[in-house]
Amino acid sequence: MSLLKTVTIIGSLTFILVGPIQANTINKKHGVNEAKKITKTFVKNLKSELKKAMVSGGPLKALEVCNTKAMPITAQVAKDYNVNLSRVSLKNRNPNNAPNTWQKAILKDFDIRAAKGESVKKMAYSEIVKLNNKKQFRFMKAMPTGAGCLVCHGKNIAPAVKEKLASLYPNDKATGYEKGQVRGAIVIIKDLD
Ligand code: HEC
């Protein structure tokens, strides 16, 4: 049984015993711990592929790996943990990574929080919403732009990389970033009942 499912059951019991607020608190707390674990695994898997390609074939090879492996890696981690998992950005490269309305609002808020000086590394958001009488757990974790990200997301992208990006992503919006900015976010969604 997945942790989130266990948490749902514990949450439901708490709901009966002590009422809805505590139930949500318990669900959310455990949900967030689980979600953090998932994002850690996801980022580790993505970065290890990226690093391997960068070392073996430089940025062009790494770009190819991002292009062909980012989505399958996302799908695999989602399947392993039985959650809905994605990456989104206000300036997305892949058209599939465009945020929906609530995700856009959170990403904008992340930018505001970063501008106020909050550490992007630890920045996250979580809530439990009720949709048609069903509870849904939502989690977003900000992805900071590190120095290594600038090769493909920065202001001075090498001409060969630029060219390849333009051919793979004609509507690419994901350039012009500076180190420390919010590049995007990992989104985890889980229906709780
Ligand atoms: C070698 C080039 C390269 C490097 C380095 C790179 N990226 Fe990307 N990034 C890409 C490509 C290509 C995509 C589109 C992948 C796809 O098609 O799913 C992408 C997509 C993303 C997305 C999904 C949203 C979107 O714009 O489509 C995020 C978030 C992201 N990158 C963050 C980062 C971060 C953070 C780093 C540094 C730790 C980084 N990237 C380093 C090439 C790169």
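All figures in this text were calculated on a predicted structure; none of them were measured in a lab. We count ligands from 1, going down the list as the structure has it; atoms in each ligand are counted the same way.
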Check your understanding: Can Val77 be reached from Leu46 by stepping across I, L, V, M, F, W or Y side chains whose heavy atoms are under 4.5 Å apart?
Key -> yes
Quick one: side chains of residues 109-120, donor-acceptor pairs under 3.5 Å with protein atoms, not counting sequence neighbours, listed by atom name and distance.
{"unit_1": "Arg113", "atom_1": "NE", "unit_2": "Glu118", "atom_2": "OE1", "d": "3.0"}
{"unit_1": "Arg113", "atom_1": "NE", "unit_2": "Glu118", "atom_2": "OE2", "d": "3.4"}
{"unit_1": "Arg113", "atom_1": "NH1", "unit_2": "Ala124", "atom_2": "O", "d": "3.2"}
{"unit_1": "Arg113", "atom_1": "NH2", "unit_2": "Glu118", "atom_2": "OE2", "d": "2.8"}
{"unit_1": "Arg113", "atom_1": "NH2", "unit_2": "Ala124", "atom_2": "O", "d": "3.2"}
{"unit_1": "Ser119", "atom_1": "OG", "unit_2": "Lys121", "atom_2": "N", "d": "3.3"}

Exercise for review: To the nearest 0.5 Å, tell me how far Ser126 OG sits from Lys141 NZ.
Suggested key: 12.5 Å
Practice item. Could you establish whether Thr145 and ligand 1 come within less than 4.0 Å of each other, counting only heavy atoms on the residue side? Key: no
Practice item. Say whether Asn94, considering both its backbone and side-chain N or O atoms, lies within less than 3.5 Å of an N or O atom on ligand 1. Key: yes
Review point. Linking I/L/V/M/F/W/Y whenever any side-chain heavy atoms sit under 4.5 Å apart, do Leu60 and Leu168 land together?
Key: yes
Check your understanding: Of all the atoms in ligand 1, which lie at a distance below 4.0 Å from a heavy atom belonging to Ala62?
Key -> 1 (C)
Exercise for review: Assign the ring pair Tyr177 / His153 to parallel, tilted or perpendicular, where the plane angle (0 to 90°) is split at 30° and 60°.
Suggested key: perpendicular
Point to revise | Path from Met143 to Phe139 over hydrophobic side-chain contacts below 4.5 Å | key: yes
**Study point:** Gly146 to ligand 1, any heavy atom closer than 4.0 Å
**Key:** no
Check your understanding: Under the side-chain contact (heavy atoms from CB on, under 4.5 Å) criterion, do Lys190 and Tyr81 qualify, and how do the steps go?
Key -> CA-CA 10 Å; Lys190 174 88 182 168; Tyr81 290 94; over 6 Å; no
Check your understanding: Pairs in or reaching into residues 96-106: which pass salt bridge (charged side-chain N to carboxylate O under 4.0 Å, His left out), with residues at least two apart or in two chains?
Key -> none
Exercise for review: Can you pull out the closest protein heavy atom to atom 17 (O) of ligand 1? Residue, atom name and distance to 0.1 Å, please.
Suggested key: Tyr169 OH, 2.6 Å
Point to revise | Close-contact set for ligand 1 against Pro59 heavy atoms, below 4.0 Å | key: 1 (C)
Practice item. Indicate yes or no: does an N/O atom of Asn67 lie under 3.5 Å from an N/O atom of ligand 1? Key: no
Check your understanding: At what distance, to the nearest 0.5 angstrom, does CD of Gln181 lie from CG of Leu150?
Key -> 9.5 Å
Review point. Hey, quick one: are Met123 and Ile188 part of the same hydrophobic cluster, counting side-chain heavy atoms closer than 4.5 Å, chains of contacts allowed?
Key: no
Check your understanding: Which one of Arg87, Lys91, Met143, Lys61 has a non-hydrogen atom at the shortest distance from atom 20 (C) of ligand 1?
Key -> Arg87
Practice item. Have a look at Gly148, Pro99, Pro72 and point out the one with the heavy atom closest to atom 5 (C) of ligand 1. Key: Gly148
Review point. Hey, which atoms in ligand 1 end up nearer than 4.0 Å to a heavy atom of Lys47?
Key: 38 (C)
Check your understanding: Are any of the heavy atoms in Lys173 under 4.0 Å away from ligand 1?
Key -> no
**Study point:** Residue pair Val88 / Met140, side-chain heavy-atom distance below 4.5 Å
**Key:** yes
Point to revise | Nearby protein N/O/S atoms (those under 2.8 Å) for atom 8 (Fe) of ligand 1, with water ignored | key: His153 NE2
Exercise for review: For ligand 1, find out whether one of its N or O atoms is nearer than 3.5 Å to an N or O atom of Asn97.
Suggested key: yes
Review point. Does some non-hydrogen atom of Pro144 fall short of 4.0 Å from ligand 1?
Key: yes
Between side-chain atoms of residues 62-74 and protein atoms elsewhere (two or more places apart, or another chain), which donor-acceptor pairs fall under 3.5 Å?
{"unit_1": "Glu64", "atom_1": "OE1", "unit_2": "Lys164", "atom_2": "NZ", "d": "2.9"}
{"unit_1": "Asn67", "atom_1": "ND2", "unit_2": "Tyr169", "atom_2": "OH", "d": "2.8"}
{"unit_1": "Thr68", "atom_1": "OG1", "unit_2": "Glu64", "atom_2": "O", "d": "3.0"}
{"unit_1": "Lys69", "atom_1": "NZ", "unit_2": "Glu49", "atom_2": "OE1", "d": "3.2"}
{"unit_1": "Thr74", "atom_1": "OG1", "unit_2": "Ala70", "atom_2": "O", "d": "2.6"}

